[in-house]
Number of protein chains: 2
Amino acid sequence: MARPDIKEARREQILDAFEICVARYGVEGATLAKTAEQAELARPLVRHNVGNRNDLIDALTERFLQKSRTRMNSFLEMLPREHRSMKALEWLFDPHYSDARLIKVSYALITHSYENEKLAAAMQGWLDDFIARLDSLLAEDFPNAEPSKVTAVATGITGIYFNVESLHGLGNNDSLLAASKQSAVILLNSLGTARA
Amino acid sequence: MARPDIKEARREQILDAFEICVARYGVEGATLAKTAEQAELARPLVRHNVGNRNDLIDALTERFLQKSRTRMNSFLEMLPREHRSMKALEWLFDPHYSDARLIKVSYALITHSYENEKLAAAMQGWLDDFIARLDSLLAEDFPNAEPSKVTAVATGITGIYFNVESLHGLGNNDSLLAASKQSAVILLNSLGTARA
DNA sequence: AAGTTGATTATCAAGTTTGACAAAAAATAT
DNA sequence: ATATTTTTTGTCAAACTTGATAATCAACTT
């Protein structure tokens with residue numbers, strides 16, 4: 001008995017636009033006007049569908065954490081049975097599969113964490129979770145490696161990956177990507193021979 | 001015949017404050033009011049001593065590049081004759097010697113590079129220079145290592161270092177720092193035995 | 001066709017940020 | 001002490017950002 005409710009679709013559309021702006025300009029630089037323009041919508045629609053600025057940030061944060069979890073889950077599930085760790089690296093450093101925006105958003109949110117204690121805790125948890133999952137994967141593949149060394153390698157690979165993703169778009173970074181991937185492989189190989 | 005000119009000192013004071021704000025809130029979030037408050041000066045003095053917003057950003061960028069060069073130079077000069085690479089790592093990952101602010105500023109400026117092509121080129125050069133210098137250092141210490149591998153290790157260490165510095169202040173990151181350092185050491189050791 | 005619900009538009013007020021200028025105060029040389 | 005130069009303060013207008021509301025338009029149900 002009424003016009004169809006497309007609020008959910010609009011909401012996603014707006015959060016997509018906001019995410020792009022946050023990745024590009026940082027949280028403080030992502031104004032409602034830029035967001036609306038990016039979404040190709042009038043500014044009042046942002047408010048109508050999502051809410052005020054704080055609502056936007058909260059919604060983006062929640063969606064970011066959700067998407068990260070989902071993405072990581074499917075990432076791990078899609079890994080083959082053999083050579084899981086090496087395949088994981090290949091995907092992480094493959095520009096075709098990578099999602100630089102997500103990493104940039106995470107840096108933006110972490111920067112914004114100075115203002116928001118709850119956000120800081122959430123991002124800390126997100127980071128820990130990322131490393132822990134990679135850690136588990138490596139531990140499975142290298143059962144004979146020393147656990148603390150596995151953790152170090154997981155941390156190192158994460159750092160290299162985050163760095164290269166956050167720098168994506170600066171310029172011609174093909175060589176940076178290649179060298180980063182190679183160093184990640186060196187770290188992986190330092191754990192010995194992978195379980196068959 | 002006149003009041004003493006303290007413009008240079010004030011300028012540094014203001015740029016220090018602006019740098020802190022940029023590191024904490026990003027370029028877009030570092031308002032003139034926040035900067036003035038951080039510098040404990042009235043806002044009009046910012047304009048009087050440095051200029052408008054663009055002048056501030058330009059001045060900060062120039063000073064950042066200058067400081068980076070100087071810091072890197074003295075860093076390399078102060079390295080001992082023996083075990084140079086390992087000592088470099090110890091310094092890089094020692095919170096006492098590190099300068100997280102500089103790395104955060106670099107990320108903020110890189111984010112802002114979307115707006116400014118010249119800035120993008122400068123930051124790309126800065127990044128390349130950082131890696132290249134580390135590369136040279138490692139090449140000296142490991143003359144028998146394959147050059148491409150040395151470059152990979154230099155890139156990896158840089159990524160791990162940048163990442164951990166940019167995350168500094170998020171929370172209790174002692175374990176992240178320790179694991180990051182350990183992975184950097186693993187990378188270094190992968191080059192073989194250092195030149196005596 | 002009419003009514004109902006929700007999307008869209010138009011518009012405005014309040015707050016913030018920036019840019020700019022003029023007047024006042026301070027410090028030094030003569 | 002006075003003139004000169006520079007800092008410091010006070011102030012204001014313009015531009016931008018945000019928050020909010022009312023009015024209009026569109027689509028679907030009955």
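In what follows, every chain begins at residue 1, and chains take the letters A, B, ... in the order their sequences are listed.
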Undergrad: Hey, can you tell me if B:Tyr107 and B:Phe162 have their rings parallel, tilted or perpendicular (30° and 60° cut-offs)?
TA: perpendicular
Undergrad: When the nearest nucleotide of DNA chain C is assigned to A:Arg43 and to B:Arg43 on a heavy-atom basis, which residue is associated with the more 5' position?
TA: A:Arg43
Undergrad: Mind calculating the distance between CZ (B:Arg11) and P (D:dT8) to the nearest angstrom?
TA: 16 Å
Undergrad: Let's see if you can work this out: which of C:dG19, D:dT9, C:dT9 has an atom nearest to the side-chain heavy atoms of B:Arg53?
TA: C:dG19
Undergrad: Base, sugar-phosphate, or nothing for B:Leu32, non-hydrogen atoms under 4.0 angstrom?
TA: sugar-phosphate
Undergrad: Without swapping roles, check the side chain of B:Lys149 against the backbone of B:Ser190 for a donor-acceptor pair under 3.5 Å.
TA: yes
Undergrad: Return the nearest nucleotide to the side chain of A:Pro44; candidates are C:dT11, C:dT8, D:dT7.
TA: C:dT11
Undergrad: Tell me: CD1 of A:Ile6 to C1' of C:dT5, nearest whole Å?
TA: 13 Å
Undergrad: Among C:dT9, D:dT9, C:dG19, find the nucleotide with the atom closest to the side chain of B:Asn52.
TA: C:dG19
Undergrad: Looking at the side chain of A:Arg47, which of C:dT18, D:dA20, C:dA20 is the nearest nucleotide?
TA: D:dA20
Undergrad: Rounded to whole angstroms, how far apart are CD on B:Glu37 and P on C:dT17?
TA: 11 Å
Undergrad: Indicate the ring-plane relationship of B:Trp91 and B:Phe75, choosing parallel, tilted or perpendicular according to the 30° and 60° boundaries.
TA: perpendicular
Undergrad: Can you check the B:Arg10 CZ to D:dT8 C1' distance for me, whole Å?
TA: 9 Å
Undergrad: Remember a base hit wins even if backbone is also touched, and classify A:Leu41 as base, sugar-phosphate or nothing at under 4.0 Å, heavy atoms.
TA: nothing
Undergrad: Heavy atoms under 4.0 Å, any strand shown: does B:Pro4 hit a base, just sugar-phosphate, or nothing?
TA: sugar-phosphate
Undergrad: Using the test side-chain contact (heavy atoms from CB on, under 4.5 Å), find all partners of A:Ala122 that sit at least two apart in sequence or belong to another chain.
TA: A:Leu65
